[in-house]
Enquirer: 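The structure's right below; bear with me while I get my questions together.
In each ligand, atom 1 is the first atom listed, and ligand 1 is the first ligand listed. Everything numeric in this text was worked out from a predicted model, so none of it was measured.
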Amino acid sequence: MRVQGMLSRPVTVLPGVGEKKAQALKALGLETVRDVLFSFPRTYKDFQRILAPHEVQPGLVQLVQGPLLHLRERPISQGRRLIQATLGGQLGLTWFVHHRAPGPSFLYRKLQRAEEVWVYGLAKEGTLFPEMTSPEVFTRQPEHQGLMPVYPLVAGISNNQRVNWVKAALKHLSEVHECLPPEVRGRYMERREALRQIHFPADWASYEQARQRLAFEELFLFHLGLQRGQRQRPGIAHAVDGELVARFFARLPFALTEDQKEALRQVAVDMEAPRPMRRLIQGEVGSGKTIVAEYGAVKAVASGGQVAMMVPTEVLAVQMAQRLQASLGPLGIRVELLVGNMKAKEQEAVRKGLIEGEVDVVVGTHALITDKVEYRNLTLAVVDEQHRFGVRQRAALLGKGNPDLLVMSATPIPRSLALTMYGDLDVTEIRQLPAHRQPVDTRLIHPDRRADVYRYVLSRVKQGEQAYVVFPLVEESEHVDLKAAVQEMEALRQGPLSGVRVGLIHGQMGKEKEEVFQAFARGELDVLIATTVVEVGMNVPNATVMVIENAERFGLAQLHQLRGRVGRGKKPGICFLLAYNVSPQSRARLEVVRSSNDGFFIAEEDLRLRGPGDLLGVRQWGQPYFRLADLQQDRELLHLAAQAAKDLLSRDAELARFPELAAELDTYSI
Ligand code: ADP
Ligand code: MG
């Protein structure tokens, strides 16, 4: 048993955190003091040195102090202003601001009053002297010296507040224990010291040591979680294909692709073998992965087993349940839905059906893994859209019996990476798309033509088709808060898209989100304006147009996922990528998506150009897959961690000798 200390108390024990702040922190996934301590800075501002304008070096981010000269402001387009100045005549400064009202902008007035300023930003080579575009500007010397942590924020919470709360949480550092056994810890920094340094690094070298330590720790825990007890269990030998499976195939409305056939063959071998199946099916959106799950389900039911299919959202659960009812129902297989917002009585009935064996297949969300759900004989678990779930949820589902596991992912991950990421899963790839699927016509559009794009949207809506408009998720940026994004979405609804039925959803909405989704799926809305929440598996065949605003802010794999939402019906899809401040690099990245429709190729390019953090497509959910580990940079660390986990488990499978580690593993989730 662990002593319940301050760290496990709710955030409201921190100074200045009331109910409201606690709610906001919850949106960031922070509920306890411990969460605050273990939520690391997104980046740091390097305030270690204050430079004079003539000391500035192009190519570096730096803090510069000097007199503000040559200040001027002019309009450049409707609602946009350009402010220019120099710092002591030796560093060029440029800001772009949105300002519609008459008179000078807020920033211009602030600058006008300042004689001396501190600017922080990336300096670039200029014609006469170095230049900074949109640097952060202070009219007083920043208080913080050294490396200032910058935390992920949401509306209602400032970075300063987070800094203070972390400081308060660090007072209880004595409650944190070293969790790595000595032989594993080796040369890594001690845990408490690493926590201190990751928030307030003495310098970049200490930061890197702290990061390495904590990154190793999370990779190690991750692998420990993956590997622990997974293969030792006995498996289920499902029966070879019989009459029910034959009837299932006879009813298929199409011929299988070669890749699908191969996937089914592999699943058949796995399921019939007396060892547990642990298989990941990777195939991009529309590649026809569902058939693999359906086949597995029929096979399980034919062997007298039950099937649980877990998907990340209620909308998807509803869609999937309907789909399986249509395809499996006629075979006499009973498929039921189980989600949190069903009436208690209905849930009760499904649970009863599961324990009594009346229900063959259940489709649901996390509701499937609550303690209340028991199965008579669960022999196949299917987890759709794998990266939305952590190892713990997967393990919880597996704990409901001892089922074979099929994981489906629509975000293809390069094989090399998949093997390190999901060391315990065998990988099947479905690369070939069903013949009728046409690639989505993708266009890179200059913002000057934004109005044309929305006119085009309207014209397709007039023909009875539907469209998505996607905005980058707000938490991504500290500058654009939720309010600004929602305002922009509203402006679109009332401006270019007025006159059609528009629904609006964003990540921080509660229940209504699902309702808006459903209305769109039923065709009661023409356009769905959304943050990236539409990404996962939405299937509305009547949607043909996708507009992606600020496309440069998305990962490539994510863009590819998003556009896969359109053109799922008979009519071809079209996708507009609107990119605003585009650097040559981001143009090159977007070009990859524009010119290729091969999700695996795009994933490889994404890995090459940006690194795996983004590739995994989870960043946008506000909760990084790994807090610190970067799978590109830390491959070596990943191998070491995987090996260390394996070694340790081979000596002590139950971690009996490592209670701290076992406890850590219990609280660990990704
Ligand atoms: P995924 O889950 O991989 O995104 P789905 O399984 O939902 O893809 O399949 C997308 C669509 O393609 C579905 O409407 C499905 O019925 C259809 N489909 C699947 N396989 C084939 C095939 N071999 N030939 C024609 N259509 C197919
Ligand atoms: Mg799917």
Enquirer: Check contact between Ser287 and ligand 1, using heavy atoms of the residue and a distance below 4.0 angstrom.
Expert: yes
Enquirer: Do Ile529 and Leu497 touch side chain to side chain, with heavy atoms closer than 4.5 Å?
Expert: yes
Enquirer: List every atom of ligand 1 that sits less than 4.0 Å from any heavy atom of Thr257, numbering the atoms from 1 in the order shown and giving each element.
Expert: 23 (N)
Enquirer: Would you say Glu272's side chain and Ala237's backbone share a donor-acceptor pair under 3.5 angstrom?
Expert: no
Enquirer: Can an N or O of Phe254 be found at a distance shorter than 3.5 Å from an N or O of ligand 1?
Expert: no
Enquirer: Check if Met408 has a non-hydrogen atom at a distance under 4.0 Å from any atom of ligand 1.
Expert: no
Enquirer: Which part of Gln561 is near ligand 1, with near meaning a heavy atom under 4.0 Å away: side chain, backbone, both or neither?
Expert: neither
Enquirer: For ligand 1, is there an N or O atom under 3.5 Å from any N or O atom of Ala255?
Expert: yes
Enquirer: Tell me yes or no: between the side chains of Arg251 and Ser327, is some donor less than 3.5 Å from an acceptor?
Expert: no
Enquirer: Counting only heavy atoms, tell me which of Glu258, Lys261, Lys289 gets closest to atom 3 (O) of ligand 1.
Expert: Lys289
Enquirer: Heavy-atom distances under 4.0 Å decide this one: backbone, side chain, both or neither, for Leu256 against ligand 1?
Expert: backbone
Enquirer: Residues two or more places apart in sequence or in another chain: which of them pass ring-ring contact (aromatic ring centres under 6.0 Å, His included) with Phe248?
Expert: none
Enquirer: Could you verify whether a donor N or O on one side chain and an acceptor N or O on the other, from Gln306 and Asn377, lie under 3.5 Å apart?
Expert: no
Enquirer: Looking at Asp404 and Met277, would you say the former's side chain and the latter's main chain have a donor-acceptor pair under 3.5 Å?
Expert: yes
Enquirer: Would you check if there is a donor-acceptor pair between the side chains of Tyr375 and Arg351 at a distance under 3.5 Å?
Expert: no
Enquirer: Give the atom numbers and elements of ligand 1 that come within less than 4.0 Å of a heavy atom of Gly288.
Expert: 1 (P), 3 (O), 5 (P), 6 (O), 8 (O), 9 (O), 19 (C)
